[in-house]
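First comes the structure, then the notes that go with it.
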Amino acid sequence: MSVIIKVMDDGPYMVIGNVDLVDMNDKKFQFDESQQIALCRCGKSSSQPFCDGSHITMEYKSRPRAD
Ligand code: FES
């Protein structure tokens, strides 16, 4: 199965599918692999690289569309 990365309006990247998420040292981030993961796009999450909902309080606005 391919992985889908969905750009959410005013929010995170949702990663749909089985992936390994690693840091610059190739160490894996731990997360529940049975669930989708949300990666912060706004830069304000206190639990990087994951979204913690901070984009809502900062009223992050970004709604890119593919052509
Ligand atoms: S996108 Fe949700 S906290 Fe940054």
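Atoms within a ligand are numbered from 1 in the order they appear, just like the ligands themselves. Since we're looking at a predicted model, the values are computed, not measured.
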Query - Heavy-atom closest contact (Asp23 atom, Phe29 atom, distance) - result: N-CE1, 3.7 Å
Query raised in the report: So, Ser47 and Asp52: side-chain donor and acceptor under 3.5 Å apart, yes or no?
Result: no
Query raised in the report: Would you call Arg41 and Asp10 a salt bridge, using N to O less than 4.0 angstrom?
Result: no
Requested in this report: Quick one: do Ile5 and Leu39 satisfy side-chain contact (heavy atoms from CB on, under 4.5 Å)? Show the steps, please.
Outcome: CA-CA 10 Å; Ile5 301 174; Leu39 298 178; over 6 Å; no
Query raised in the report: Counting no waters, what protein N/O/S atoms lie under 2.8 Å from atom 4 (Fe) of ligand 1?
Result: Cys40 SG, Cys42 SG
**Report entry** Over 12 non-hydrogen atoms of neighbours within 6.0 angstrom of CG in Asp32
**Finding:** yes
**Report entry** side-chain contact (heavy atoms from CB on, under 4.5 Å) between Val15 and Leu21, worked out
**Finding:** CA-CA 10 Å; Val15 181; Leu21 180 63; over 6 Å; no
